[in-house]
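Sharing a structure with you now.
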Protein chains: 2
Amino acid sequence: MPTPLTERQNEIYEFIRRFMRTERKPPTLQEIGDAVGIRSVSGVHKQVRALETKGYIERTPNEARGLSLVAQDDPFALDDDGVPDLPVISRTSSDAPDSLRDKPQGLLAVDPYLMRGVRDPEACLIARAGDDGMNAAGLYKGDLLVVEEVPERAVRNGTLVAVLMGETLLARRFELANGRVHFRPADRNYTEHTFPPDDPGYHVVGEIVSVLRRVR
Amino acid sequence: MPTPLTERQNEIYEFIRRFMRTERKPPTLQEIGDAVGIRSVSGVHKQVRALETKGYIERTPNEARGLSLVAQDDPFALDDDGVPDLPVISRTSSDAPDSLRDKPQGLLAVDPYLMRGVRDPEACLIARAGDDGMNAAGLYKGDLLVVEEVPERAVRNGTLVAVLMGETLLARRFELANGRVHFRPADRNYTEHTFPPDDPGYHVVGEIVSVLRRVR
DNA sequence: TATATGTGAGAAAATTATTTCACCTTTAGC
DNA sequence: GCTAAAGGTGAAATAATTTTCTCACATATA
């Protein structure tokens with residue numbers, strides 16, 4: 001995900017997730033404070049606002065328990081009937097790119113119809129688009145991208161891929177030309193990234209299979 | 001199985017379940033009242049207390065959103081908690097607009113996360129966008145639109161709607177101005193449609209909740 | 001006529017979110 | 001060593017919300 005959390009912020013974020021899973025509702029500010037040891041609500045309020053601005057939670061003003069996890073951890077534990085649950089992934093600075101699945105933020109059920117052409121459903125995961133560089137191709141920042149993990153050498157030329165640049169995950173068109181790897185945005189305002197193959201500056205997660213987006 | 005519920009009580013109980021599934025938190029008394037049509041909180045309070053004494057829910061006194069569902073013997077009561085399958089609809093010339101659900105093309109599982117804000121998941125269906133008039137808003141021809149069926153008078157101004165024009169289903173922005181209904185495309189190359197209300201030339205299916213698209 | 005059930009207005013009581021002010025620690029820069 | 005900025009903590013008061021309570025009325029049924 002975008003900005004990394006401080007140790008304290010992560011402690012609070014983890015508590016919120018645990019609480020929602022067991023209690024089936026979001027905690028209040030003082031419940032958070034009691035749990036992590038902050039005696040004053042305003043202290044909690046500040047922390048929670050930090051989580052919000054960093055994009056980890058969403059809040060509804062003036063509403064009791066008015067917060068929700070952004071990556072939608074599923075506290076209601078869906079159990080499925082043939083519909084695969086894919087892990088929603090995010091990344092913090094300390095994670096290695098190839099251990100993305102280790103701590104999924106949550107699970108999202110995806111109908112097999114939206115995974116047509118996938119060779120291995122087990123290799124699929126969901127990531128959020130980190131910028132608007134592919135708007136002209138119909139992909140927007142925040143979109144949930146269903147991605148099939150594929151080693152870079154197996155990526156077909158010209159396909160849409162999810163690629164990690166540092167800590168942000170981007171959707172781009174993958175092109176290999178003249179021994180160089182190009183990541184092409186659909187929008188002229190965004191710059192194309194070019195690397196020698198296997199440069200540590202990027203990490204191809206896989207090919208984009210489908211897109212899910214909440215409209216309202 | 002405990003005491004049976006009256007019709008009204010069941011209506012309220014069902015609302016609570018739907019709400020908790022899509023919003024991931026219990027509703028407040030006024031949210032319940034607004035939804036089922038009880039103008040006074042005390043009225044709702046009484047109803048909710050009845051649900052509690054009959055053993056359908058549990059409550060924590062003085063706590064905001066302090067209610068939780070009690071698992072019933074009936075396995076479907078709490079735990080149809082699976083992923084809802086929505087009908088995918090299309091239209092042929094002979095169908096009446098309001099019988100869309102009668103012959104669904106198929107079913108598609110949609111995670112509740114993609115139905116946030118929906119009042120009634122039962123009223124949701126999936127339709128395909130029939131043209132590229134909303135490309136600039138990120139909707140493309142062939143996209144699967146998750147739509148909450150809503151009577152036209154309940155559509156909020158400025159929302160994205162799915163509307164039938166003859167036999168094609170379009171995504172458009174709905175605007176009611178000067179006693180006329182406007183369907184605005186996002187793209188200048190497409191013409192805006194304007195009608196007097198309830199003109200037979202169009203049929204509003206409902207509000208667009210989310211978008212699903214296969215990329216490859 | 002009782003009795004049970006459902007509805008509702010209005011206000012009090014309790015909880016919850018927000019704001020204001022202040023202080024402490026760490027870190028980077030000079 | 002000093003200073004500024006950023007991150008974290010906390011007390012206290014206010015604002016908004018949510019729950020709870022008190023009263024009343026209407027309808028159906030035994």
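Values below: all heavy atoms of this structure, side chains included; hydrogens, waters and symmetry mates excluded. Quick note on labels: first sequence line is chain A, next is B, and so on, each numbered from 1. Computed from a predicted structure; not experimentally measured.
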Handout entry: Salt-bridge present (B:Arg49, B:Glu52; N to O < 4.0 Å)
Key = no
Exercise for the section: Look at the side chain of B:Asn62 and decide which nucleotide, out of C:dT18, C:dA17, C:dA14, has an atom nearest to it. Expected result: C:dA14
Problem - D:dT17 phosphate, OP1 or OP2, under 4.0 Å from A:Arg65 side-chain N/O - result: no
Completion exercise
Winner on side-chain proximity to A:Ser40, out of D:dT18, D:dA11, D:dT9, is D:dA11
Handout entry: Lys/Arg-Asp/Glu bridge criterion (N-O < 4.0 Å) met for A:Asp131, A:Arg172
Key = yes
Fill in the blank from the handout: Walking DNA chain C from its 5' end, the first of B:Ala64 and B:Ser42 to be reached, judged by nearest nucleotide, is B:Ser42
Exercise for the section: Let me know the distance between CZ of A:Arg8 and C1' of D:dA6, rounded to the nearest Å. Expected result: 17 Å
Practice task
Give the rounded distance in Å between these two atoms: CD of B:Glu31 and C1' of D:dT17.
Solution key: 11 Å
Handout entry: Minimum heavy-atom distance B:Leu67-B:Ile16, with the two atoms named
Key = CD1-CG2, 3.7 Å
Exercise for the section: Respond yes when some side-chain nitrogen or oxygen of B:Gln30 is under 4.0 Å from OP1 or OP2 of D:dT17, and no when none is. Expected result: no
Handout entry: From C:dT18, D:dA11, C:dA11, nucleotide with atom closest to A:Val41 side chain
Key = C:dT18
Problem - Nearest-Å distance for atom pair CD1/P, residues A:Ile32 and C:dT18 - result: 11 Å
Problem - Minimum-distance nucleotide to A:Gln47 side chain [options: D:dT9, D:dT18, C:dT18] - result: D:dT9
Fill in the blank from the handout: Atom CD1 of B:Ile38 and atom C1' of D:dT19 are separated, to the nearest Å, by 15 Å
Exercise for the section: Output yes when at least one side-chain N/O atom of A:Arg59 is less than 4.0 Å from OP1 or OP2 of C:dT18, else no. Expected result: yes
Exercise for the section: Select base, sugar-phosphate, or nothing to describe what A:Gln9 touches, counting heavy atoms under 4.0 Å on all strands. Expected result: sugar-phosphate
Handout entry: Contact check, side chains of A:Val211 and A:Leu145, non-hydrogen atoms, under 4.5 Å
Key = yes
Exercise for the section: Classify the side chain of B:Lys46 versus the base of C:dT5 as yes if they form a donor-acceptor pair under 3.5 Å and no if they do not. Expected result: no
Exercise for the section: Could you tell me whether the phosphate oxygens of D:dT20, OP1 or OP2, come under 4.0 Å of any side-chain nitrogen or oxygen in B:His45? Expected result: yes
Handout entry: Whole angstrom value for the distance that separates C1' of D:dT20 from CD of B:Glu63
Key = 14 Å
Problem - Length of the NZ-P vector between B:Lys25 and C:dT16, whole Å - result: 15 Å
Fill in the blank from the handout: Whole-Å distance, A:Leu29 CG to D:dT17 C1', equals 13 Å
Practice task
Please determine if A:Lys25 and A:Glu31 form a salt bridge, counting it only when a charged side-chain N lies under 4.0 Å from a carboxylate O.
Solution key: no
Exercise for the section: Take the protein atom CZ of A:Arg49 and the nucleotide atom C1' of D:dG7, then report the distance between them rounded to whole Å. Expected result: 13 Å
Practice task
Would you indicate, yes or no, if C:dG8 has its OP1 or OP2 atom less than 4.0 angstrom from a side-chain nitrogen or oxygen of B:Arg39?
Solution key: yes
